[in-house]
Structures are given as C-alpha cells and as structure tokens.
**Q** 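The structure that follows is given in the form of structure tokens.
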Number of protein chains: 2
Amino acid sequence: MRITAQEEYGLRCLIQLARQPDGQGLTLKQIGEREGISTANAGKVLWLLSNAGIVKSARGIKGGYMLARPPAQITVSEIISVFENADLEEHCKNFSGIQEVCIHNADCGIRPVLQILNETVRQVLSQITLAQLVHHECEVSQRLFQLQRAAPAAAMSA
Amino acid sequence: MRITAQEEYGLRCLIQLARQPDGQGLTLKQIGEREGISTANAGKVLWLLSNAGIVKSARGIKGGYMLARPPAQITVSEIISVFENADLEEHCKNFSGIQEVCIHNADCGIRPVLQILNETVRQVLSQITLAQLVHHECEVSQRLFQLQRAAPAAAMSA
DNA sequence: TGAATACTTTACTTTTTCGTCAACAATGTC
DNA sequence: GACATTGTTGACGAAAAAGTAAAGTATTCA
C-alpha cells in the first residue's frame with residue numbers, strides 16, 4: 001500500500017497554490033523551485049490537475065497556474081483520484097500472473113477487502129481539504145486528529 | 001494509492017494455504033499453479049512470508065509450506081506489513097525531487113495526512129483475518145460489511 | 001507585428017520494480 | 001549413501017513508472 005510519486009507531488013504543488021494570496025498564481029518554474037522538483041516534472045503533474053479541472057492555467061507572459069476553486073472546496077480524495085486508477089476491474093486485469101486473466105475472476109476473496117479499503121481511504125481523504133493543509137505541520141496534525149475523532153470513518157455506510 | 005504486486009500475491013498464496021485441511025501444506029509448485037503465477041515468483045513471495053514468521057517451510061521430498069498459526073490468528077494488516085515499507089521517514093527520503101533531502105523535511109503539511117491514512121488502513125485491515133477470506137466472494141463480502149458496520153474505524157483513538 | 005514568456009504535448013531516457021533463472025542447500029526415500 | 005524432490009539465495013533481464021527534453025502553441029507587451 002503506497003502513495004505514488006505523482007500523488008505526492010500533485011498534493012504538494014496544490015498546497016503551494018493554496019498558499020498564494022487570492023487571485024495570484026504561480027508559474028511552473030516557481031512551483032518547481034518551491035517543491036524542489038524540475039520544471040518539466042511540475043509541468044506534467046500540473047497538466048493532469050488541469051485536465052481534471054482542479055487548477056486552471058493561463059499561457060503567455062502573465063500566465064501560470066491557479067486553483068480553480070477555493071482550497072476549502074478541494075478534497076485530498078479528489079486530488080488523489082486524479083492520479084490513480086481507482087477502478088477495481090483494472091486491478092483484476094493486472095495481477096493476472098502468467099495467465100491471461102486473473103484466475104479468480106469469477107470468485108475472488110480479496111476483492112471485498114479491496115473494496116472496503118478503497119472506501120475507507122476515500123472516506124478519510126474526502127474529509128480533508130486543501131485549506132487544512134496550508135498551515136504548519138503541528139497545527140495540521142492537531143486539526144486532523146480532531147476531525148478524525150469527531151467523525152470516525154464509517155466507510156461502508158454509503 | 002495502490003496495492004503492490006507482492007502484497008496481492010502474498011495475500012492470495014496465504015488464502016490457498018488457509019484453505020488446506022489442518023496439518024497439510026502446499027509446495028511452491030502447487031501454490032503457483034493454483035494462483036496462476038510462476039513457481040519462481042511464488043517462491044520469492046513465500047520466502048518473505050516465511051521470514052516474517054507467517055508461514056513455516058520444510059525442505060526435501062515431503063516439504064512445502066504451511067501456515068505458522070491458525071488462519072483466524074493471522075490478520076491482513078500483518079500480511080501487508082510484511083511487504084511494505086511502512087516507515088514514514090522512509091517515505092520522506094523518497095520524493096525528495098531533485099534535492100538531496102525533501103524540501104519539507106522540517107515542516108510538512110502532508111505528513112499528518114499520511115499518518116492518519118496509515119493508521120486508518122492498519123486499523124481496518126487488522127480486523128480482517130485470513131479465516132474470513134477463505135469463503136466465496138459474496139459471503140466474504142457480506143461478513144466484512146457487517147464487521148465494518150459493527151466497528152467503524154476510529155483509527156486515531158490509539 | 002515580433003519577441004519574450006509560459007503552458008502543451010509527445011517522445012525519449014532513466015530508474016525502479018517485478019519476475020525469471022540457475023546454482024545451491026537441505027530433507028526424505030530406497 | 002545416492003538420488004530425487006523441495007526450499008533458498010543471489011544475479012539477471014523485462015516491464016512499468018518516473019522524470020527529462022524538445023518542439024509546438026497561445027498570450028502579452030512593446
């Protein structure tokens with residue numbers, strides 16, 4: 001169970017944008033510098049986020065990237081899902097081993113586990129917005145703990 | 001956010017072992033056949049599980065693998081952790097971009113998110129044992145849903 | 001209108017992960 | 001004790017992910 005590089009960098013770039021004063025954006029170069037990644041790589045990540053409608057871009061000399069919505073309206077769940085292949089069928093196509101299709105295609109004891117896992121993760125991350133992540137670590141930590149305690153993840157109730 | 005190949009295959013191989021009658025094991029060849037993966041690959045996975053003390057192995061002509069404990073005493077959480085690098089510091093070492101160390105090493109808004117995520121996932125998966133996964137998919141699904149509803153993941157209470 | 005800036009898009013290179021192979025070591029059987 | 005069987009281990013090759021490069025397109029400003 002791991003976070004991919006794109007997910008990590010995507011989240012970080014968005015936090016940078018969320019820290020900007022209202023109406024001000026950042027260029028790829030600036031984002032790259034602030035996150036310690038190359039401009040090219042930042043470009044790739046932001047392009048995906050742009051396609052997903054999470055950021056909007058402007059070309060030209062006054063161009064750059066801005067959040068498409070206020071940070072409080074962008075959830076971490078939404079961000080992560082931009083980069084992932086959340087489809088369960090897709091999962092079963094991989095992991096087919098040396099067979100053409102997964103040997104458990106018809107009846108799989110693991111699929112329910114993955115379902116619960118996906119639901120749980122989605123549920124937890126959908127409660128966390130970008131706005132909550134722009135502060136210092138200790139503060140973010142405190143707030144998230146509170147959030148988590150107030151609304152425990154009853155993932156499967158949906 | 002993804003499950004790695006080793007985690008998937010590890011889980012599947014263990015379910016096969018859990019389905020065996022008490023006291024009977026399976027050889028690598030048998031496990032590979034039943035899971036549609038190569039013997040070599042099964043060998044690698046089972047070796048890791050053996051190191052972790054989840055299965056025990058026997059060489060020679062009567063050899064093979066067996067669960068080291070009853071299936072009801074082996075949690076999915078424990079299995080997954082065999083294959084993953086659950087350390088948060090390790091996470092920060094990767095994702096350092098073009099820098100030597102991550103630019104947010106001292107103060108990172110993402111770390112709390114990962115903490116909560118890890119805790120939650122661990123908590124959910126620690127409630128699921130191998131014994132619950134040996135049945136048919138629909139049955140497994142039903143039981144896990146019940147479990148989840150009965151004990152929602154109040155992950156951060158620990 | 002032309003030059004500078006900055007995003008866009010595709011192709012390529014590098015790195016990491018995954019899977020395989022082959023030689024080795026241990027166990028049981030005849 | 002020789003042989004067949006089975007797990008162990010490390011090295012290698014293939015596949016996927018990550019990151020880079022470069023050519024292209026849109027925008028602004030002089």
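Chain naming here is simple, since letters A, B, ... match the order of the sequence lines and numbering starts at 1 in each.
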**Q** Rounded to the nearest Å, what distance is computed from the CD atom of residue A:Q6 to the P atom of nucleotide C:dT16?
**A** 16 Å
**Q** Name the nucleic acid region contacted by B:Y9, choosing base, sugar-phosphate or nothing; use a 4.0 angstrom heavy-atom cut-off, strictly under.
**A** sugar-phosphate
**Q** For B:N94 and C:dT15, give me the distance from atom CG to atom P, rounded to whole Å.
**A** 15 Å
**Q** Given the rule that I, L, V, M, F, W and Y join up when any side-chain heavy atoms are under 4.5 Å apart, are A:L133 and B:I103 in one cluster?
**A** no
**Q** To the nearest angstrom, how far is B:E90 atom CD from C:dT16 atom C1'?
**A** 14 Å
**Q** Calculate, to the nearest 0.5 Å, the distance between atoms CD and CG belonging to A:E100 and A:N105 respectively.
**A** 11.0 Å
**Q** Do B:L144 and A:V113 have side chains that approach each other closer than 4.5 Å (heavy atoms only, starting at C-beta)?
**A** yes
**Q** Only counting residues at least two apart or in another chain, list the ones meeting side-chain contact (heavy atoms from CB on, under 4.5 Å) with B:A68.
**A** none
**Q** Please list, pair by pair, any protein nitrogen or oxygen found under 3.5 Å from a nitrogen or oxygen in nucleotides 1-3 of chain C.
**A**
none

**Q** Test of understanding: with side-chain contact (heavy atoms from CB on, under 4.5 Å), list the residues that count as partners of A:Q30, not counting sequence neighbours.
**A** A:L26, A:T27
**Q** Does any residue of residues 13-37 of chain A have a heavy atom under 4.0 Å from DNA chain D, and if so, which ones, in number order?
**A** none
**Q** Take B:Y65 and B:I98, find for each the nucleotide of DNA chain D with the closest heavy atom, and name the residue whose nucleotide sits nearer the 5' end.
**A** B:Y65
**Q** Side-chain donor-acceptor contacts of residues 5-25 of chain B below 3.5 Å, not counting sequence neighbours, with atom names and distances?
**A**
| residue | atom | partner | partner atom | Å |
| --- | --- | --- | --- | --- |
| B:E7 | OE1 | A:M1 | N | 2.6 |
| B:E7 | OE1 | B:T4 | N | 3.0 |
| B:E7 | OE2 | A:M1 | N | 2.4 |
| B:E8 | OE1 | A:H91 | NE2 | 2.6 |
| B:E8 | OE2 | B:R12 | NH1 | 3.2 |
| B:Y9 | OH | A:G97 | N | 3.1 |
| B:R12 | NE | B:E35 | OE1 | 2.7 |
| B:R12 | NH1 | A:F95 | O | 2.8 |
| B:R12 | NH2 | B:E35 | O | 3.0 |
| B:R12 | NH2 | B:E35 | OE1 | 3.3 |
| B:Q16 | NE2 | B:E35 | OE2 | 2.9 |
| B:R19 | NE | B:V134 | O | 3.0 |
| B:R19 | NH2 | B:V134 | O | 3.2 |
| B:Q20 | OE1 | B:R34 | NH1 | 3.3 |
| B:Q20 | NE2 | B:G25 | O | 3.4 |

**Q** Contacts to DNA chain D from residues 39-57 of chain B, heavy-atom cutoff under 4.0 Å, which residues?
**A** B:W47, B:S57
**Q** Walk along nucleotides 23-30 of chain D from 5' to 3' and tag each nucleotide B, S or - by protein heavy-atom contact under 4.0 Å, base first, then sugar-phosphate.
**A** -BBBBSS-
**Q** Atom CZ of A:R2 and atom P of D:dA16: how far apart are they, to the nearest Å?
**A** 15 Å
**Q** Between side-chain atoms of residues 39-61 of chain B and protein atoms elsewhere (two or more places apart, or another chain), which donor-acceptor pairs fall under 3.5 Å?
**A**
none

**Q** Taking only residues two or more places apart in sequence, or in another chain, which ones meet B:R111 in a salt bridge (charged side-chain N to carboxylate O under 4.0 Å, His left out)?
**A** A:E137
**Q** Following the transitive rule for hydrophobic clusters with a side-chain heavy-atom cut-off under 4.5 Å over Ile, Leu, Val, Met, Phe, Trp and Tyr, establish whether B:M66 and B:I74 coincide in one cluster.
**A** no
**Q** Which atoms form the tightest heavy-atom contact between A:S96 and A:C102, and what is the distance?
**A** CB-N, 3.5 Å
**Q** Quick one: salt bridge (charged side-chain N to carboxylate O under 4.0 Å, His left out) partners of A:K62, sequence neighbours excluded?
**A** none
**Q** From C-beta outward on B:A5, which listed nucleotide comes closest to its side chain: D:dA18, D:dT20, C:dC18?
**A** C:dC18
**Q** State which residues pass side chain to side chain donor-acceptor pair (under 3.5 Å) with A:Q132; sequence neighbours excluded, sorted by chain then number.
**A** none
**Q** Listed by chain and number, what are the side chain to side chain donor-acceptor pair (under 3.5 Å) partners of A:D107, not counting sequence neighbours?
**A** B:H136
